[in-house]
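In what follows, chains carry the letters A, B, and so on, assigned in the order in which the sequence lines appear, proteins first and then strands, with residues in each chain numbered from 1. Computed from a prediction, not measured in an experiment: that's the story for all the values here.
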Amino acid sequence: MMALRGVWKTYHGPAGPVHALRGIDLTIGQGEFVAIMGPSGSGKSTLMHILGCLDVPSRGEYVFRGRPVHGMSHAELAAVRNREIGFVFQNFHLLPRLSALRNVELPMVYAGVDRRSRRARALALLKEMGLADRADHLPSELSGGQRQRVAIARALANRPSLILADEPTGALDSATGRDVLQLLASLNREGVTLVIITHDEQVGRMAPRMVRLLDGRVVSDERQVQGG
Amino acid sequence: MMGEMVRAAWASLTAHKLRSFLTMLGILIGVGAIMVIVALGVGGQAAVISLIESQRLQRTIQIIPTELVRPGLPQPGQVLAFVPDDFATVRQFRGVARVYYTLYGEANVAAGRHSVNVTVEAGPSFLPDIAHFVVTEGRMYTDVDVAAHRPVTLISQPLAVTLFGTPHATGRVIRLGGHPLEVIGVTASTQANLLTGLFGANAVYLPGTTCRDLFPWWSITEMDVEVQPGVDKQDLARRIVLALNIAHHDPDGFADSTGLLAGLEHTVGAVTTVLTLVVGAIAGIALVVGGVGVMNIMLVSVAERTQEIGIRMALGATRRHILQQFLLESVIVTTIGGGLGVLCGAAGVIGVRAVTHFPAAVPWWAAAGSVVFSAAVGFLSGLYPARQAARLHPIDAIRNE
């Protein structure tokens with residue numbers, strides 16, 4: 001489903017070029033659950049940005065569902081993010097002035113879904129997340145776990161093929177974090193490809209496949225026996 | 001889509017109410033000023049034109065000393081006055097029905113303990129230079145009152161209030177220059193004369209004959225000639241003016257004020273047009289300054305909402321979506337500002353009309369044009385900040401915390 005071949009990402013800082021990724025080769029199949037791990041500075045955030053079509057490789061190829069992402073226009077990248085990818089961020093990244101319901105509606109607004117259908121879909125998603133009674137609450141009126149579940153509902157709004165979670169438990173206590181991971185794993189079992197970026201070994205161990213990064217290179221890519 | 005974007009724009013504007021209002025204020029003041037200026041200009045032209053029209057319609061010729069309408073202040077000693085022979089001369093012209101004089105002056109009016117100086121206008125039972133003479137109470141003096149030199153008078157509403165504390169003064173007695181006069185009516189006159197009509201003046205109206213008895217030393221500076229039906233007014237006026245000028249040995253002594261006004265129409269029109277343009281340009285500059293304020297605030301808003309922009313982009317917003325969102329915000333701000341400006345301008349115009357008799361009016365095209373122009377200012381000043389927002393890179397934007 002996603003294939004990176006020889007992907008480099010180079011930033012031009014004041015102290016000369018910085019190579020965040022140095023030749024990444026990675027293929028992720030439809031329906032997989034992959035944890036991408038590495039210490040800070042390993043390039044895992046940069047990799048997530050490229051996987052999520054938020055950025056394009058400086059060098060190399062990235063093919064997403066048969067379409068080459070390198071060389072896409074801004075509008076095409078936006079369309080891929082909108083229809084194919086659901087993001088879950090460490091700090092939730094909900095829009096603070098919009099209710100939970102309208103946050104969930106947002107991807108559908110940009111997809112051009114009419115108001116009635118997107119309202120119905122957003123309500124249904126919030127209900128699935130057990131937040132039916134929180135639809136009109138602002139993010140500031142919700143707990144961390146609730147906020148992350150709103151973010152997951154938002155990620156699912158346009159029925160994406162990929163969910164990209166960047167440290168989804170980083171801002172949560174361990175019990176709530178476990179719930180959120182269970183929720184993501186159950187979505188994976190329903191067929192969505194799931195990629196989690198984390199530096200937390202416990203989180204990584206939940207995934208059937210773990211990719212380790214160091215200094216912009218893949219240092220290990222192992223499939224493991226399903227853990228807890 | 002559009003509905004959602006308008007809602008989003010509105011939400012972010014109401015999130016910073018004071019800031020949005022202050023941003024609007026610049027536009028509001030600019031548009032309000034334009035409204036008032038246009039209203040005064042249009043009103044002034046309308047007043048001049050209606051004055052000329054009303055004189056054309058009447059079967060009256062008004063003859064005045066030319067000195068009164070020359071540029072600059074009239075030199076009192078040089079203003080010719082009519083003499084009794086003039087009236088006899090004019091009465092003999094064919095086509096002339098009746099000839100009157102109108103007297104203007106200032107005198108002291110007293111009633112009880114109150115005493116004020118007022119303008120006095122005295123003449124026939126019709127007042128040719130007053131466009132809308134409305135008697136609100138009592139009656140106007142009649143030809144009989146004029147013929148009998150009756151000591152009767154009409155006073156303006158403001159004067160009635162000043163003297164008696166009530167606009168209902170019919171039946172009371174005032175002393176004009178020490179002579180008692182019975183108030184037979186109260187008037188809310190709208191003097192067509194632009195200068196004296198500006199303020200609701202303290203004014204007294206009385207029969208010309210009575211006034212002549214009280215103030216025999218006032219010189220007569222206006223002759224009103226009522227013309228028989230079917231007579232060429234202009235031609236008759238020309239011949240009368242010629243005869244009077246010969247009698248006074250002054251080739252430019254008297255003039256037909258109707259004809260003078262027609263010439264004045266162009267002058268006043270040109271002056272008000274230039275004034276409207278000049279002050280309008282100043283107001284336009286105010287709008288541009290307002291636009292710069294809008295641009296400044298939009299840039300601040302873009303900088304503050306970098307993360308929001310990044311999140312929206314991650315969720316699938318294109319650069320065009322972001323551009324539209326910020327443009328919409330600035331257009332909404334300036335359009336509302338412009339709309340409020342129109343309302344404030346209209347309120348100001350209503351205020352002008354309440355205090356003065358100036359027929360100021362906001363024409364619909366000025367109101368609509370101002371709102372459209374405000375929207376254009378919002379579009380232009382929002383363009384650069386919105387482009388800045390749209391060009392943000394989604395990851396840089398998200399990272400901004």
Side-chain angles (χ1 to χ4, degrees), chain A residues 9 11 20 45-50 52-56 73-99 102-116 118-119 138-139 151 154-158 160 164 166 171, chain B residues 1-20 297-298 300-329 332-333 386-401:
Chain A
K9 186 68 194 181
Y11 296 107
S45 288
T46 308
L47 180 59
M48 180 222 149
H49 293 148
I50 288 180
C53 297
L54 289 165
D55 206 350
V56 288
S73 70
H74 290 283
E76 286 171 315
L77 286 171
V80 171
R81 291 196 295 266
N82 186 231
R83 312 295 169 99
E84 300 285 352
I85 304 172
F87 289 94
V88 177
F89 297 99
Q90 176 175 2
N91 293 318
F92 325 124
H93 282 344
L94 298 174
L95 295 190
R97 284 197 293 272
L98 301 188
S99 66
R102 289 189 59 204
N103 262 292
V104 178
E105 280 185 54
L106 212 50
M108 294 186 272
V109 169
Y110 292 123
V113 177
D114 71 88
R115 193 168 171 173
R116 191 189 294 263
R118 67 176 191 244
R119 180 131 300 191
L138 292 176
R154 183 178 68 180
L156 292 170
N158 285 335
L164 258 182
D166 183 11
Chain B
M1 184 80 199
M2 198 60 197
E4 183 58 32
M5 293 191 70
V6 172
R7 285 205 330 170
W10 183 251
S12 67
L13 291 177
T14 49
H16 298 283
K17 288 194 184 66
L18 181 62
R19 179 199 289 184
S20 302
I297 282 299
M298 289 309 292
V300 170
S301 173
V302 169
E304 272 183 359
R305 289 155 65 193
T306 309
Q307 196 177 26
E308 175 193 328
I309 295 163
I311 294 168
R312 287 180 182 272
M313 283 178 159
L315 298 180
T318 59
R319 291 181 157 189
R320 178 180 287 267
H321 288 139
I322 301 296
L323 184 85
Q324 286 172 345
Q325 183 188 339
F326 280 91
L327 270 184
L328 204 59
E329 282 183 26
I332 287 175
V333 165
R387 282 174 65 96
Q388 294 287 98
R391 286 187 170 187
L392 284 171
H393 201 286
I395 55 171
D396 294 334
I398 291 179
R399 230 186 262 140
N400 182 290
E401 283 179 44

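Between the CG atom of A:L77 and the CE atom of B:M313 there is a distance of 11.0 Å, given to the nearest 0.5 Å. The distance from the NE2 atom of B:H393 to the CG atom of A:D55 is 4.0 Å, given to the nearest 0.5 Å. From B:E4, atom CD reaches atom CD of A:E105 across 6.0 Å, with rounding to the nearest 0.5 Å.
Interface residue A:L54: backbone and side-chain heavy atoms are both found under 4.5 Å from chain B. In this structure, chain B has a heavy atom under 4.5 Å from the side chain of A:R115, while its backbone stays farther away. Contacts between B:R312 and chain A at a heavy-atom distance below 4.5 Å involve backbone atoms as well as side-chain atoms.
Under a cut-off of 6.0 angstrom, the local environment of CZ in B:R7 is crowded, with over 12 non-hydrogen atoms contributed by other residues, nucleotides or ligands. Counting heavy atoms of neighbouring residues, nucleotides and ligands inside a 6.0 Å radius, atom CZ of A:R119 exceeds 12 of them. Counting heavy atoms of neighbouring residues, nucleotides and ligands inside a 6.0 Å radius, atom CZ of B:R391 does not exceed 12 of them.
When all heavy atoms are compared, the tightest approach of A:L94 to B:I311 is O-CD1, 4.4 Å. What you find for A:A78 and B:A317 is that their closest heavy atoms are CB-O, 3.8 Å. Shown here for A:R97 and B:A15, the closest heavy-atom pair between the two residues is CD-CB, 3.2 Å. Minimum heavy-atom separation, B:L315 to A:N82: O-ND2, 2.8 Å.
Put simply, of B:G316, B:A11, B:S12, the one with the most heavy-atom pairs under 4.5 Å next to chain A is B:G316.
For the pair B:T318 and A:H74, the minimum side-chain heavy-atom distance is 4.5 Å or more. The side-chain heavy atoms of B:H321 and A:V109, taken from C-beta on, include no pair separated by under 4.5 Å. Residues B:Q307 and A:N91 fail the side-chain proximity criterion, which asks for heavy atoms closer than 4.5 Å.
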